[in-house]
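Only one structure is covered here, and it is reproduced in the block below.
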Amino acid sequence: MTPQQPNWWKTGTAFQIWPASYKDSNSDGIGDIPGIVGTLDYLKDLGVDIIWLSPMYDSPQKDYGYDISNYQDVWPSFGTLKDMDDLIEQCHKRGMRIILDLVVNHTSDQHAWFQESKQDKTNPKAEWYMWKDPKIINGERHPPNNWKSIFGGSAWEWVEERQQYYLHLFVKEQPDLNWELEVVRQAIYKEAIEFWLDKGVDGFRVDTCNLYSKDTNFPDAAISLQEEPYQPAFKHFENGPRMHEFLQEQRNVCLNKYGDILIVGECPGSSEETILSYLEANEFSCVFDFNTVDLGTNRTLGGKKHHGYKHQLPDFKESLARTQRLIQQHNVWGTVFLENHDQARSVSRFATDNPEYREAAAKMLALCITSLTGTLFLYQGQEIGTYNHSADWSIEDLRDIDSINAFNDVKDKYNDDPIWNKKAMRGLATVGRDNARLPVQWSAEANAGFTDANTKPWIRCHDDYKNVNIAEQLQRADSPLKFYQRMLKFRHEYRDLMILGDFELHDLYEQKAFTFVKKPKGTAEEGASKQELLVVCSFSDEEEPVDMPSRLKSRESELLVSTLGEESAGKYLRPWEGRIYLIK
Ligand code: TEU
Ligand code: CA
């Protein structure tokens, strides 16, 4: 009997593509699907097994594709349905899989469903969205409650035709669908899910998959922001009462027909218990736990982008350890990621973008995350150590609605005070979403090789693309890109330890280094004679000792990898160096 092979989506490395900024093939300044197809060999060589494509559906682009006006079509600037068929085929031809973004908590206000729903209170789709009567106070009309939208302002928008408000947890052009209605759920399964699975995609990344079920009493949220009219209300719409029922129905009625697909849920603001409940019921294959990327944002407490709270290294370790523990202690699966299209660049946020150490730090983070258990997700540009844009940029350089709203909040509140505006820009340069959305730096040529020299890209290029780009790094043996290539191979070679193994955190409170051990799954702590890996990462501008756990000291060890070269590795870690030792 052959031992059971782990599912393909456990061992594969995934790479996220955000199409608008990836590669422009027809010189209109916007990335597109044919542009992606042209780079599949590059991704294959990098070691990518799975592509996650962010929304390419038809959309008015108010939230850059997360506002979908037609699930069964492609935004014309990105290409056509035929281009999608080609992309799917070309991925499969190379032995790669492809998953799409499933955005069904809300649609665009331009979707035919909403256009019909908003007409009056009696049309066939009248209840397909979340409509409520106004609250009348002293003869004045107010939103039904004080909920704040995740992107700022009230979560309710007034519609004259219906004399009612509709709920939008994100921007007002993203009305929330009414999952309470079975006919809505059926339409979602058919149009948004089955249409694409029938075309052969291998699964979905599921956008805000824990918001479908709201507290339908719509109570006011407790006041946590004294000076503001609208209050964070996550408690009333995140992980709501009917979530499990909805997700199980979706699995049973729809997804199960398609065999072993990858369904990875985006689960911001969720406790370990909540995440576990989704996984144990097999509602998702694995989820994105926001623990790490939420560091320093105080999201649920109403933290603002300009607050710029800096986490400590132990917080970072603990945030990663949470998923490792979950996988190890329960029979469930998880993800490893530091970046996506909503996050600033990991080198800047979690390591350093000081030019002296930036590359070393990028390679150290690569070594660190490729050594962790779970499905690894990389984001475009991460493989070359792209770092954040400068705080000197102006708000006109940015495109993200969430960032623009955050800036305008500060600007309005402090009467356009230049120092406050500067603080707001500094905050966006630290955590703003556009950091991830600048054109991919393909080469040192004009416009970073993203588009033609004579075309203006839809968003400004990073100032440093001449130094940090794919073409240069492909030719240089010690580049972050080459290091990622090496580590992704290595991850398969040492699969049982790196991808599937147990994790042991060595010294949580150490502030300058992150040391952990990877062991074969299910081995006893003491006296195990099987091979293990010791992973040591420096987060320091100075030399740091290699702190080997006592129980491993008597074992023979061999230096397998150093981010700065095995030959030149001495007793101490060099600044921002990462190493892996094989413990025999
Ligand atoms: O994001 C959900 C979400 O709540 C956050 O990640 C949010 O974008 C971030 O905290 C803002 O700073 C998903 C998508 O990933 C995001 O791009 C969309 O804008 C959002 O849903 C709405 O569809
Ligand atoms: Ca284009």
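Indexing begins at 1, ligand by ligand and atom by atom, following the structure's order. Side chains are part of it too, since the values below use all heavy atoms of this structure and drop only hydrogens, waters and symmetry mates.
- Residue contacts with ligand 1, taken as heavy atom pairs separated by less than 4.0 Å, do not involve Gln343 at all.
- The atom of Asp28 nearest to the Ca ion (ligand 2) is OD1, with the search restricted to N, O or S atoms.
- Not a single N/O/S atom of Ser27, whether from backbone or side chain, sits less than 3.0 Å from the Ca ion (ligand 2).
- Counting atoms of ligand 1 from 1 in the listed order, those under 4.0 Å from a heavy atom of His106 are 22 (C), 23 (O).
- Between Asp409 and Lys411, no side-chain nitrogen of the basic residue sits less than 4.0 Å from a carboxylate oxygen of the acidic one, so the salt-bridge criterion is not met.
- Between Lys422 and Val410, every side-chain heavy-atom pair lies at or beyond the 4.5 Å cut-off.
- Checked for salt-bridge contact, Glu157 and Lys172 miss the test: no charged N lies under 4.0 Å from a carboxylate O.
- In this structure, Asp67 does not pair ionically with Lys62, as no charged nitrogen and carboxylate oxygen lie closer than 4.0 Å.
- Salt bridge status for Asp353 with Arg345: absent, with no side-chain N to carboxylate O gap under 4.0 Å.
- Proximity to Phe151 (heavy-atom distance under 4.0 Å) selects the following atoms of ligand 1: 11 (C), 19 (O).
- The N, O or S atom of Asp24 lying closest to the Ca ion (ligand 2) is OD1.
- Applying the 4.0 Å criterion to heavy atoms of Phe290 picks out, from ligand 1, the atoms 6 (O).
- Near Arg437, meaning under 4.0 Å from any of its heavy atoms, are these atoms of ligand 1: 17 (O).
- The aromatic ring centres of Phe350 and Phe316 sit less than 6.0 Å apart.
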Tell me, with the steps shown, if Trp333 and Leu279 meet side chain to side chain contact (heavy atoms under 4.5 Å, CB included).
CA-CA 8 Å; Trp333 194 240; Leu279 295 173; over 6 Å; no

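- Of the charged side-chain nitrogens involved, none lies within less than 4.0 Å of a carboxylate oxygen, so that Glu396 and Arg460 do not count as a salt-bridged pair.
- Checked by distance only, ligand 1 and Glu266 come closer than 3.5 Å through their nitrogen or oxygen atoms.
- Contact annotation: Gly29 places no N, O or S atom under 3.0 Å from the Ca ion (ligand 2).
- Residue-level proximity to ligand 1 for Tyr64 is absent, since no heavy atom of it falls below 4.0 angstrom.
- Residue His341 approaches ligand 1 through these ligand atoms, each under 4.0 Å from one of its heavy atoms: 14 (C), 15 (O), 16 (C), 17 (O).
- Neither the backbone nor the side chain of Lys62 has a heavy atom within less than 4.0 Å of ligand 1.
- Within the 4.0 Å heavy-atom cutoff, Arg205 counts among the residues contacting ligand 1.
- Remark: of the listed residues Trp52, Phe377, Phe288, Phe288 is the sole one forming a ring pair (Phe, Tyr, Trp, His ring centres under 6.0 Å) with Phe337.
- The Ca ion (ligand 2) is closest to atom OD2 of Asp32 (considering only N, O or S atoms).
- Ranked by closest heavy atom to atom 21 (O) of ligand 1, the top entry among Val171, Ile68, Asp207, Asp63 is Asp207.
- If you look at Phe114 and Tyr129, their ring centroids are closer than 6.0 Å.
- With Leu211, Ile401, Asp342 as candidates, the residue nearest to atom 15 (O) of ligand 1 on a non-hydrogen basis is Asp342.
- Some N or O of Arg433 is nearer than 3.5 Å to an N or O of ligand 1, by distance alone.
- Checked against a 6.0 Å centroid threshold, the rings of Phe237 and Trp147 count as neighbours.
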